[in-house]
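The structure presented is a predicted model; accordingly, all values stated were derived computationally and were not measured. Positions are given from 1 along the sequence. Numbering of ligands and ligand atoms starts at 1, following listing order.
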Amino acid sequence: MSIKIENLTYIYNPKTPFETKALDNVNLEIKKGEFIGLIGHTGSGKSTLTQHLNGLIKPTTGKIIIDDLDITNPSVKLVEVRKKVGLVFQYPEHQLFEETVYKDIAFGPLNLGLKEEEIEIRVKEAMEAVKLPYEELKDRSPFELSGGQKRRVAIAGVLAMKPEVLILDEPTAGLDPKSRDEILEEVKLLHEKYKITIILVSHSMEDIAKLVDRIIVMHRGKVRLIGEPREIFKQANVLESIGLGIPQITHLINKLKTHGIYLRDDIFTVEEAREEILKWIRGKENA
Ligand code: ADP
Ligand code: MG
C-alpha cells in the first residue's frame, strides 16, 4: 500500500488570532513495505501529518492518496481508511479505557464486526507481537500495568486491526531506556515478520538511524530532508542548523576521517563502530 501526499497544507484555527500553519506544502511518497523514520523538533508538524494519514484530520489544502484512493474525498468512508492505516497516538495509554487488557485490545476488531473466535485469535497474536503474555495479562486491568506494558496494550489494540500501514507517534516517549529498546526491537520484528509499512515518529536520531530505510526530517511544517540514513547524516550541517544532531557515534566516525582513518560511512551504532575500528586496527597490525 503506497502513500502519496500532494501539496498538503494544514492550518489550525484559521482566521482567528490562534491561526497556526502546522503543515506547509508537504509532498511525499512512501512505498509499500517501507520503514520510515519521521523526525523533527516538537512543533515541527509530525503529529499533524500522521493524523492526516488515517483521516483524523482533513487537509486545509492538498491531497492524500492511499493505494489510488484519495482519502480526502468526502465520499470515502473513514472506517475503510482506518482498517488499512493504524495510528498509535503519542502517549496512547491515556486512551486505554476498558476494564481488561483483552477488552481493550478487542475493541477495534469488535467494531469491525468480526466473530468472537477471530477476535480472540487477533488479540492473542497482537499480544504475542508486543511480547505481552496472553494468559497472564488478558483479564488484568490495563491500569495496573507498568508504563511499558500499558503502551504495548495500546500498540496491540492497533495491531489487532491488522493494518497494512502502522504509524507510531513517539512510541518510546517517556519510557526508561530498557523499555525503549524493547519496544523498538518489537517494532523492528513487526516490520520483518509482517512486511507492513511502518512510520516511526521520533525526535531521537539515535533511535531511528539503526532501524529505518528512509528518514524524513521535518522543520516548521515542511519536509526539510528525505533519504536513507547515510545520505541524511552526510548533511550534518543542515541538521545542526535546525537543531538536530547526527548520532554521536556517526559524529565520531566522521571525526576519525579528518585524522586519516576511513571507516564505512553508514555506521550508526556503537557495536558496528567497535567492529569497524577493530578491523581497522587489525588491518594496521597486518600491514
Ligand atoms: P509535532 O508532533 O512535531 O510536535 P504538531 O503536529 O503537534 O508537531 O504541531 C505542529 C504545530 O501545530 C505546532 O505549532 C503546534 O503548536 C500546532 N498545533 C498542534 N496541535 C494543535 C491544536 N490542536 N490546536 C492548535 N494548534 C496546534
Ligand atoms: Mg507530536
Y10 meets the ring pair (Phe, Tyr, Trp, His ring centres under 6.0 Å) criterion, sequence neighbours left out, with Y12, H52

Requested in this report: Return a yes/no value for T42: is any of its N or O atoms, backbone included, closer than 3.5 angstrom to an N or O of ligand 1?
Outcome: no

Open item on the list: So that I can check it, does any N, O or S atom in T48 come closer than 2.8 Å to the Mg ion (ligand 2)?
Closed with: no

Note: V201, heavy atoms under 4.0 Å from ligand 1, region reported as neither

The salt bridge (Lys or Arg N to Asp or Glu O under 4.0 Å) partners of D24 (sequence neighbours excluded) come to K21, K222

Would S44 count as a contact of ligand 1 if the rule is a heavy atom under 4.0 Å away?
yes

- Query: Can a protein heavy atom be found under 4.0 Å away from atom 19 (C) of ligand 1?
  - Reply: yes

Practice problem: Answer with yes or no whether H41 contacts ligand 1, where contact means a heavy atom under 4.0 Å from a ligand atom. | Solution: yes

### Message
For Y102 and Y134, take the angle between the two ring planes, folded into 0 to 90°, and tell me which bin it lands in: parallel under 30, tilted 30 to 60, perpendicular over 60.
### Response
perpendicular

Numbered in order shown, the ligand 1 atoms found under 4.0 Å of a heavy atom of A22 are 10 (C), 11 (C), 12 (O)

Hey, is atom 16 (O) of ligand 1 under 4.0 Å from any protein heavy atom? no

A student comparing E19, Q90, M218, K46 should find that the heavy atom closest to atom 3 (O) of ligand 1 comes from K46

- Query: For the hydrophobic clusters of this structure (ILVMFWY residues joined by side-chain heavy atoms under 4.5 Å, transitively), does one cluster hold both I196 and V130?
  - Reply: yes

